[in-house]
Structure formats: structure tokens, C-alpha cells
Visitor: 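Before I ask anything, here is the structure I am working with.
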Amino acid sequence: MNGLQAYQRVNTQTSITDADPHKLIQLLYNGAIERINMAKAQMQAKDYAGKAQLLNKAIEIIGGLRSFLDFEKGGDLAPRLEALYDYMERTLLEGSARNDMAKLDEVIELLRSIKEGWDGIREEVVNQQSQAAG
């Protein structure tokens with residue numbers, strides 16, 4: 001492992017250790033997007049084993065996001081997100097099998113859209129906590 005990889009691993013572990021639940025979800029979205037982008041680069045380099053490994057990791061992350069869904073408190077949003085996560089996983093598998101960059105880009109855009117909404121929720125929660133403390 002080179003120095004940069006060691007730094008990134010420590011930095012990631014520190015971020016996760018210090019993260020509140022909202023921040024952890026943000027890190028998962030970022031991680032999935034990052035791995036799909038890295039898989040696209042591997043696809044262009046014709047490193048199909050590397051591509052598959054990265055996409056498998058992205059699918060695992062999306063599965064982790066799915067496991068965080070709260071069907072009791074989530075109302076109709078939780079089952080809709082579950083269906084979307086399922087669609088993303090299937091789309092990544094299809095994109096990987098066909099080396100279809102457009103499929104990977106589609107999932108990245110879906111993840112970014114959901115992440116933007118989540119980022120907005122986080123800002124509201126942080127603002128409410130600040131007001132409650134002050």
C-alpha cells in the first residue's frame with residue numbers, strides 16, 4: 001500500500017468514526033458514486049476485473065443504503081427508495097455485463113439526485129440542533 005492509499009484509508013476511517021447517522025449516509029452516497037466513476041475509468045482502460053470489483057463494491061454500498069431504510073417511519077418514501085435501490089443494483093449489473101457506460105452514468109445521476117435531497121435534510125437537522133442548543 002502506498003502512502004496516499006494509507007492516508008485515504010485512515011482519513012476514511014476517521015470520517016466514519018466521527019460521523020453522525022446523517023453524515024454516514026452522505027459518505028455512503030459519495031463512496032458509491034466514487035466507485036462507479038472509478039469503474040468507468042477501469043472500463044476505458046479495459047481492466048474488466050478491476051471494473052467488476054469496483055461495481056460489486058458500489059452494489060454492496062447501495063445494499064447498505066437499502067438496509068438503513070426505516071419502513072415504519074419512512075412512510076411511502078421507504079418502499080419507493082427500496083425499489084430505486086433495487087433498480088440501481090440491476091442497472092449496475094447490466095452496465096457491467098455489457099460494458100455500458102450510459103448505464104453507469106444513469107446510476108450516478110440517480111445517486112446524486114438522492115444525495116442532494118439527503119444533503120438538504122442534513123442541513124435542516126443541523127440547523128434545528130443549533131437552534132435547540134442556542
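None of the values given here were measured: they were computed from a predicted structure.
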Visitor: Could you tell me whether the side chain of Tyr85 reaches within less than 4.5 Å of the side chain of Ile114, counting heavy atoms only?
Guide: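 The answer is yes; the side chains approach within 4.5 Å.
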Visitor: Spell out, as yes or no, whether a donor-acceptor pair under 3.5 Å connects the side chain of Arg35 to the backbone of Gly31.
Guide: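 Yes, Arg35 side chain to Gly31 backbone: donor-acceptor pair under 3.5 Å.
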Visitor: Would you find a donor on one side and an acceptor on the other, under 3.5 Å apart, between the side chain of Lys103 and the backbone of Ser96?
Guide: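 Checking the backbone N and O of Ser96 against the side chain of Lys103, no donor-acceptor pair under 3.5 Å is found.
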Visitor: For the pair Leu65 and Leu81, evaluate side chain to side chain contact (heavy atoms under 4.5 Å, CB included) and give the outcome as yes or no after the intermediate values.
Guide: CA-CA 9 Å; Leu65 288 164; Leu81 275 174; over 6 Å; no
Visitor: Compare every heavy atom of Tyr48 with every heavy atom of Met43, then report the nearest pair and how far apart it is.
Guide: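 Closest approach of Met43 to Tyr48: O-CE2, 4.1 Å.
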Visitor: Could you go through Leu92 and Ile62, starting from their C-alpha distance and side-chain angles, then the distance that decides it, and tell me whether this counts as side chain to side chain contact (heavy atoms under 4.5 Å, CB included)?
Guide: CA-CA 10 Å; Leu92 287 176; Ile62 292 169; 3.7 Å; yes
Visitor: How far does CZ of Arg90 sit from CD of Glu94, to the nearest 0.5 angstrom?
Guide: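 Atom-to-atom, Arg90:CZ and Glu94:CD are 9.0 Å apart.
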Visitor: Could you tell me whether the side chain of Asp86 and the main chain of Glu82 form a donor-acceptor pair under 3.5 Å?
Guide: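 Absent.
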Visitor: Given Asp119 and Lys115, is the salt bridge (Lys or Arg N to Asp or Glu O under 4.0 Å) satisfied, shown in steps?
Guide: CA-CA 6 Å; Asp119 291 347; Lys115 183 185 177 304; 2.8 Å; yes
Visitor: Could you walk me through whether Ile36 and Leu54 pass the side chain to side chain contact (heavy atoms under 4.5 Å, CB included) check?
Guide: CA-CA 7 Å; Ile36 297 167; Leu54 288 161; over 6 Å; no
Visitor: When you measure from the side chain of Ser67 to the backbone N and O of Gly64, does any donor-acceptor pair fall under 3.5 Å?
Guide: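 Yes; at least one donor-acceptor contact below 3.5 Å.
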Visitor: Give the minimum heavy-atom separation between Ile61 and Leu28, together with the two atoms involved.
Guide: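 Nearest pair, atom of Ile61 first, then Leu28: CG2-O, 3.2 Å.
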Visitor: Report the distance from atom CE of Met88 to atom CD of Glu109, rounding to the nearest 0.5 Å.
Guide: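 Those atoms lie 11.0 Å apart.
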Visitor: Between His22 and Ile121, does a side chain to side chain contact (heavy atoms under 4.5 Å, CB included) hold up when you go through it step by step?
Guide: CA-CA 9 Å; His22 281 91; Ile121 292 169; 3.9 Å; yes
Visitor: Is it the case that over 12 heavy atoms from other parts of the model lie below 6.0 angstrom from the CD atom of Gln53?
Guide: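 It does not: Gln53 CD has 12 such atoms or fewer within range.
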Visitor: What are the two closest non-hydrogen atoms of Ala102 and Asp100, and how far apart are they?
Guide: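 Smallest heavy-atom distance, with atoms named: N-OD1, 3.0 Å.
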Visitor: Heavy atoms only: give me the nearest Ala78-Leu69 pair and the separation to one decimal.
Guide: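 Residues Ala78 and Leu69, closest heavy atoms: O-CD1, 3.6 Å.
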Visitor: Minimum heavy-atom separation for Lys51 and Gln42, please, with both atom names.
Guide: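 Distance-wise, the nearest heavy atoms are N-CB, 3.7 Å.
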Visitor: Spell out, yes or no, whether Leu110 and Met38 are grouped together once hydrophobic residues are joined by side-chain heavy atoms under 4.5 Å, including indirect joins.
Guide: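 No, because Leu110 and Met38 fall into different hydrophobic clusters, even though each may have its own neighbours under 4.5 Å.
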Visitor: What distance separates Leu111 CG from Glu116 CD, expressed to the nearest 0.5 Å?
Guide: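 Taking CG in Leu111 and CD in Glu116, the distance rounds to 11.5 Å.
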Visitor: Counting neighbours of NZ on Lys57 that are heavy atoms of other residues, nucleotides or ligands and sit closer than 6.0 Å, is the number greater than 12?
Guide: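 Count not over threshold, so no.
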Visitor: In Å and rounded to the nearest 0.5 Å, what is the CG to NZ distance from Asn30 to Lys23?
Guide: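 That separation rounds to 7.5 Å.
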